[in-house]
Amino acid sequence: MNANEIRDKFLKFFESKGHLIVPSAPIVMKDDPTLMFMNSGMAQFKDYFLGNKKPPAPRIADTQKCLRVTGKHNDLEDVGHDTYHHTFFEMLGNWSFGDYFKKEAIEWAWELLTEVYGLPKERLYVTVFGGDAEEGLEADEEAKALWLRIVPEDRILYGSKKDNFWEMGDTGPCGPCSEIHIDLRDEAEIAQLPGRELVNKDHPLVIEIWNLVFMQYERMSDGSLRPLPAKHIDTGMGFERLCMVVQGKKSNYDTDLFQPIIKAVAQKAGVHYGDNSKTDVALRVIADHVRAITFTIADGQLPGSTGAGYVIRRILRRAVRYGYTFLGFQEPFLFELVDILANMFEDVFPEVKQQKDFVSNVIREEERSFLRTLDTGLKRLEQYFEAHAEKQVIDGKTAFELYDTFGFPIDLTALIARERGFRVDMEGFESEMQKQKERSRSATALETGDWVVLHSDNEVEFVGYDTLSCEAKLLKYRKVKEGKKTFYQLVFNRTPFYPEGGGQIGDRGVVRILGSDVQIPIVDTKKENDLIVHFTTDERWLSVDGLADKIFLLEVNKEKRLAAQRNHSATHLLHAALKKVLGDHVAQRGSLVSDEVLRFDFSHFSALTQEEIITIEKIVNEKIRENIALDERRSVPIQEALEMGATALFGEKYGEYVRVITFDENYSRELCGGTHVRATGEIGYFVIASESSVAAGVRRIEAYTGAKAVEYARRHIDLVQESKHMLKAKDLKKSIEQLISEKQSLSKEIERLKAEKVSAIKKTLLEKKQEVDGVNYIVDKVALPDGNALKQLAFELRNQVQNLVLILGAEVGEKAQLAIMLSDSLVKEKGWHAGNVVKEAAKEINGGGGGQPFFATAGGSKKEGLDRAIQKAKDLLK
Ligand code: SER
């Protein structure tokens, strides 16, 4: 079976057991502050487990794109060194939301593995949770009894909390789990040591393939466990491992999921996979990492210098670095592999093929820039070797700087150091590393208190499309500390406050408490999974009695909201205009819609011409003047919306039902949750303020609408008026051109006059030349426009006069300048030194200076001393 068939069989199997098959959620998390990336199949279903939201079906199955590189589940450092860990992987899973529980989960897992995939029963082991005294949890005898009906007792093991109690993160749904492991060793080895001794012992051939989690609890932020409203099933099977097992391989990398990439890279490097452990590790690292970055970029996350973007950049750099060090790649190479992945995953994850060119361009640019950095780092290291030849140690600070700024992993620095007979101060490095970790921890530490629950219902109704104020009750609140800041988060059962999303900022406003004069200023609104969370820094409301029984009046700041929605509707008009003018390849890559400005990032490969910008702006303003009425449709089935031609975004997770925003069905139709104007005329006026580049193949437009746009235009008109006035110009452009050309000819004239003056002075000086004992003295005070002219004059005389001693003084502005020039012959034969002489003489002008033996200058503040300085220099040089 090839990988695609194996994946298919899984989905078909669970479909036959009544499961709804759903697509993978995007890798990058939105609206969940506890996770940066999808780290497991269940992460997208968290709200169903917690009871915050109703699932579309009680039974679901899918394959989920996962990335385990941050937080609780982080495998990055292992990747490449073993044969079964990955950064990016697919997790096959089946779920029950309050429907079936342990019995079916266990029986179906067994049936699928042994009957559909035909795995040998006698090589399978299962583990069950053995209990934990500290948590007050009993062993899972129920699971054990269920397993005993299909597996002999000697292949069932109890496991500790570490292995058999699954948690998604520091908080969230969790529960005991039961894992299925397989022993893939040769018969001879098995005869020597039974597989049960190796379960969960990191043996590469006795590995876990499937984890069945019995979700029963929620982990609270104080560490306690709270039972969930219902019991659920969450299973996760590592797809790459399953392929290895079914295909009879001993390493994930030997399956058809990785071999095409490994072969391509090995061929390019002129090596053979399996020949050399160092190049093998590099090939595995590259094969793994290129998948991680390709899928994540296709899901909308660009490499960058902060947050999720930085994680992606580091993974990419790790791959480039292995290629550079062990495979000799000094030019970008990862980007070429995107093609292979695009074809391989065409059917399950078509987003890669759809964006192939874009993804590979982004990767190539990142590679280029990192290779340059690597180069700079190597040079830096060379300088260090030269400067510290006696010590033969690279200190911790330098090693850390190389790591942090130049992306040099410490083992690379150590490797290069060894080649040069140096060692690295590892302790120093570790301590720098520690310091940085603490710095970043204290910068981002977020302490989230538990919710104080006033009403246990979790349904939150958003009424902000239709009204800007409403009455509500407060469901729950909590305190959050971020660094030194403290704020409160409030959740109401109903709210007109738009939570930040789709680029549009969250609403601000005020909440009044009826029957009290305390008001709660709301400074931001965000989504957390499906909750709408209102932020306030105020705490007076906490002392109001009986919060649970109060009626709250929620009022959105109307002015800011209207300004934001003008920008949002204008963003849609702009998006459509861009497609019209630049072409269909234009895809939204990011957007910010605030009450001040709109910023729109989109894929396009070159800077826009002035003409294109003007055309785009013109189209948008035409659409505004047409005053097109908003056509808003809520709860459209996703399929229907797409058939209507609505634009969907890559990396965005859409539910079964979506909202469709149309401004003229022949012009702009998008899936969108944001708020909009009732008709485009409300936007007033649209003006593009700038167009720039944000990343390889991504352009950014910043624009204003409404009052801001008028203000922007007014400012520019005023500027033109004032300039006209200052220049007394009828035609401003012509006047400026004139001014520039006048300035150019004046500068030329000045240069010519200066040259004339210098040559006149030179002539006089040559006439003043005095010969004493074969040495030609020219000593004088001259009037020169600047220090440069003095220097130039000195060099010209040196070329014309043999055995020259030239001593020149000049007053330049408020300063006295002194220059001494000697012919080489005098420096050599007499041992004279212009630098030493100038230093001595400059004392007379209260100055300092120096230079080489043949030429030196000095400047000083005491102009009256210039004659004496000249005299002194002359005396010294006789
Ligand atoms: N959540 C569990 C895991 O990720 C099972 O899907 O291992």
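Atoms considered below: every heavy atom in the structure, side chains included; atoms not considered: hydrogens, waters and symmetry mates. Index from 1, following the sequence. In each ligand, atom 1 is the first atom listed, and ligand 1 is the first ligand listed.
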Mind checking ring-ring contact (aromatic ring centres under 6.0 Å, His included) for Phe129 and listing every partner two or more places apart, or none if nothing turns up?
-> Phe165

ring-ring contact (aromatic ring centres under 6.0 Å, His included) involving Tyr125 - partner list, sequence neighbours excluded |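 Checked Tyr125 against ring-ring contact (aromatic ring centres under 6.0 Å, His included); zero matches.
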
Evaluate side-chain hydrogen bond (donor to acceptor under 3.5 Å, both in side chains) for Gln44 paired with Gln64, printing each intermediate quantity in order.
-> CA-CA 9 Å; Gln44 69 159 318; Gln64 172 65 49; 3.2 Å; yes

Scan for salt bridge (Lys or Arg N to Asp or Glu O under 4.0 Å) pairs involving residues 225-245, sequence neighbours excluded, and state none if there are none.
-> Glu240-Arg291

With distance as the sole test, does Asp47 use its side chain to make a donor-acceptor pair with the main-chain N or O of Lys53 at under 3.5 Å?
-> no

Do side-chain atoms of Arg123 reach the backbone of Asp183 as a donor and acceptor pair under 3.5 angstrom?
->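 At least one qualifying donor-acceptor pair exists.
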
Select all protein residues for which some heavy-atom-to-ligand 1 distance is less than 4.0 Å, and list them by chain and number.
->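 Answer by chain and number: Ser40, Met42, Arg68, Met91, Trp166, Asn211, Val213, Asp234, Thr235, Gly236.
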
